[in-house]
Amino acid sequence: MQRQQSWSSTALSVAGGIVLLLLLLAGVGGSAPPARAEPRAELQVCASGCPYTTVQSAIDAAAPGDVVQIATGVYTGVIAQGGSSQIAYLTKTLTLRGGYNAAFTAWDPALYPTRLDAQNAGRVVRVNGAISVTLEGLQLANGYASNSGAGVYSVDATLRVLHCLIEDNRVNPTFNGNLGVGLHQSGGTLLMEDSTVQENQPNPGGDNSHDGGGLYAINATVAITASQFLSNTAAVNSNLCGTGGGMHLENSTSYLRGLTFRANSATSCNGGGGGLWDRNGSLHLFDSTFEGNTNGGASTYSPNTVISGNTFRANTGYGLYISGWSYPVANITVTANLVENNTGIGMLVGNRAVNMLVEDNDFTGNAGGLKLGAVSDTGAATTVRVLNNRFQNNSITGDGGGAHLTGAIDVIGNRFTGNTATGKGGGVFQQEYCSDPYSSYSCHDNASAVTGDNLFQGNSAAFGGGLYSVPKYSANLRIAYRNLVFLENTATTSGSALYFYRYTSTPVTFQHLTVANNTGGDGTMIYHMMGKAIYTNTILADGVIGIKRQNDTVTLDHVLRHNVITPTLNANTWGLTDRAPLTGTPAPRRLMRAPPRK
């Protein structure tokens, strides 16, 4: 899909600049580390023939700022220190760097693997205090903790994890409050680059909740690039609550770019977050892939969030879930993402939103493309916009195959093609907001919305194959429809192109519609159930029934009819006015596509 420049590009550039600046300052991303005093010493660890044969002995001997170099090999044996058992316990600023050959003349973590293996007898690494620690070129494996951070447990530190593998760590499944199996970061800053966190999980048989199979960060600043979170599990027992299979972020400012979340698992509670779960922080998520995760790709409850350039593919459940832990959803930008082949709704917004942009995304092959609602009961503009997206081949049991929209939402410049719904609105199901859907006195929409410059082609539903629009009761909902193209949509009952339903007396205008070759059901392309409507400068072509008026008044003004057996039904009864009817052949380009959005 061709992307279009918009004001959001500026916001993304600023956010990207913040990420780059943070990473440069942190020494992540291939740049030089910040200026600091030269290390006092380089202490060497190897199995034999070195000054130190255990990692902890070198740490104990080191002065702040030193580098502990660890030769290739497997290092085991935990030591009780600081109230817990682990291979390495750090309370001073140090670098632990593996990946050296036996002679310390070459460094290549892939060629000379260095593995710290706790053999399920304790943690691998524990970092404590307001210090700066770098873990580089290390494999941190088979750690075990009764609660959190079996691989790495870090509190209040600036922790750099570079070119590392954190795998196969476990926590006690019966302990209530396990927060992060592979890595736990509380406070401070976590900087990670070119690392893999995989196959971390609670031991089986547990009866308590666990969050963050791969990583759990709370009250921290988190910047992670070019890393993978693979096959991590938040909670083994599906009856429990475990969020963030790959990563759980709590009250943290996070910058994530170029990550892969694959085959991670969470439970379904609180939005799940099989790959990523985030709450009450500030999430900046760029150019990452969420694939094959269980109970959702990514879930965020944070305002001031930017999600751009990511792929959410083939996750069990939704692709992307956005909600507000404290209602409503606010200040969210979702642009240029690919959301495809998820078994649930591609993008689900759990609470009604204010100030949200959904632009230039592709929603393809999901069990429903987008479900979104707007806060619009105060009279103020919602500034919730769905712009220039593509919705293709999404299918839902229920309403809204391409998109299910509630409240005053601007829907402009989108393409809805090949979507299906068993109920209403194959392309789009569009309704007002009612706190009680069964009461006509509880609808609170009090704002303006535009549905314009959209293409509906090849969609199908029982009612409203292309668009089912039901702004039923809200007298103050000012809604406009313009420059819409309906081609080759079908309905098994009625309204193969458009089904419209409104009770209030406020007239609604439909301008510049092209409606051609829509079929099925009772043959009606536009079914006007109720409500005053005016259709101006509209084309009806190649159908059985152009417009059927069921109730209320409909005015047609300069409507062109071509090859339609019955242009208007109920035309000779009260309630339908036909001004300046036109006949002729429409220009072929008007029957091919919607006009491009300026």
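Worth knowing before you read on, the calculation uses all heavy atoms, side chains too, and leaves out hydrogens, waters and symmetry mates.
- The shortest non-hydrogen separation linking N200 to E167 is OD1-C, 3.6 Å.
- The two atoms that bring S308 and A336 nearest to each other are OG-CB, 4.3 Å, heavy atoms only.
- Remark: the backbone N or O of G272 is not paired with any side-chain donor or acceptor of N295 at under 3.5 angstrom.
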Could you check D117 against Y75 for side-chain contact (heavy atoms from CB on, under 4.5 Å), going step by step and ending with a plain yes or no?
CA-CA 6 Å; D117 190 327; Y75 297 83; over 6 Å; no
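- Under a 3.5 Å cut-off, the side chain of S252 and the backbone N or O of A220 do form a donor-acceptor pair.
- Remark: side-chain polar atoms of T114 are paired, donor with acceptor, to backbone N or O of G99 under 3.5 angstrom.
- Aromatic rings from F363 and F391 are positioned such that their centres are separated by under 6.0 Å.
- In this structure, the side chain of S227 engages the main chain of S195 through a donor-acceptor pair within 3.5 Å.
- In this structure a side-chain-to-backbone donor-acceptor pair under 3.5 Å is present from N337 to I307.
- Using bins of under 30°, 30° to 60° and over 60° for the plane-to-plane angle, the ring pair W107/H163 lands in the perpendicular bin.
- Of the inter-residue distances, the one linking T300 atom OG1 with N280 atom CG reads 9.0 Å to the nearest 0.5 angstrom.
- When side chains are defined from C-beta on, L215 does not count as touching V197, because their heavy atoms never get closer than 4.5 Å.
- Considering every non-hydrogen atom in both N169 and N142, the closest pair reads OD1-N, 3.4 Å.
- For the pair I409/L372, a side-chain contact is recorded, criterion being any heavy-atom separation below 4.5 Å from C-beta on.
- Side chain of D211 to backbone of T243: a donor-acceptor contact under 3.5 angstrom is found.
- Residues V78 and Q86 fail the side-chain proximity criterion, which asks for heavy atoms closer than 4.5 Å.
- Contact check for V339 versus N366: side-chain heavy atoms found under the 4.5 Å cut-off.
- In this structure, the side chains of T91 and Y89 come closer than 4.5 Å at one or more pairs of heavy atoms.
- Remark: the backbone N or O of N232 is paired with a side-chain donor or acceptor of N264 at under 3.5 angstrom.
- Counting heavy atoms from C-beta on, the side chains of V55 and I70 come closer than 4.5 Å.
- Closest heavy-atom contact between A234 and H210: O-CB, 2.9 Å.
- Applying the salt bridge (Lys or Arg N to Asp or Glu O under 4.0 Å) test to R97 and every residue at least two apart in sequence or in another chain returns E136.
- At a threshold of 4.5 Å between non-hydrogen side-chain atoms, the residues M356 and V349 count as touching.
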Are R126 and S84 close enough, and set up right, to give a side chain to side chain donor-acceptor pair (under 3.5 Å), and what steps lead you there?
CA-CA 9 Å; R126 183 178 173 191; S84 63; 3.0 Å; yes
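- Contact of the I59 side chain with the L94 side chain is registered, since non-hydrogen atoms from C-beta on lie closer than 4.5 Å.
- Between H284 and Y255, the ring planes are parallel. Angles under 30° get that label, and only those over 60° would be called perpendicular.
- A salt bridge does not link R257 to E193: none of the charged nitrogens lies less than 4.0 Å from a carboxylate oxygen.
- Residues passing the salt bridge (Lys or Arg N to Asp or Glu O under 4.0 Å) test with R279, sequence neighbours excluded: E250.
- In plain terms, the two heavy atoms of N315 and G296 that are nearest each other are CB-C, 4.2 Å.
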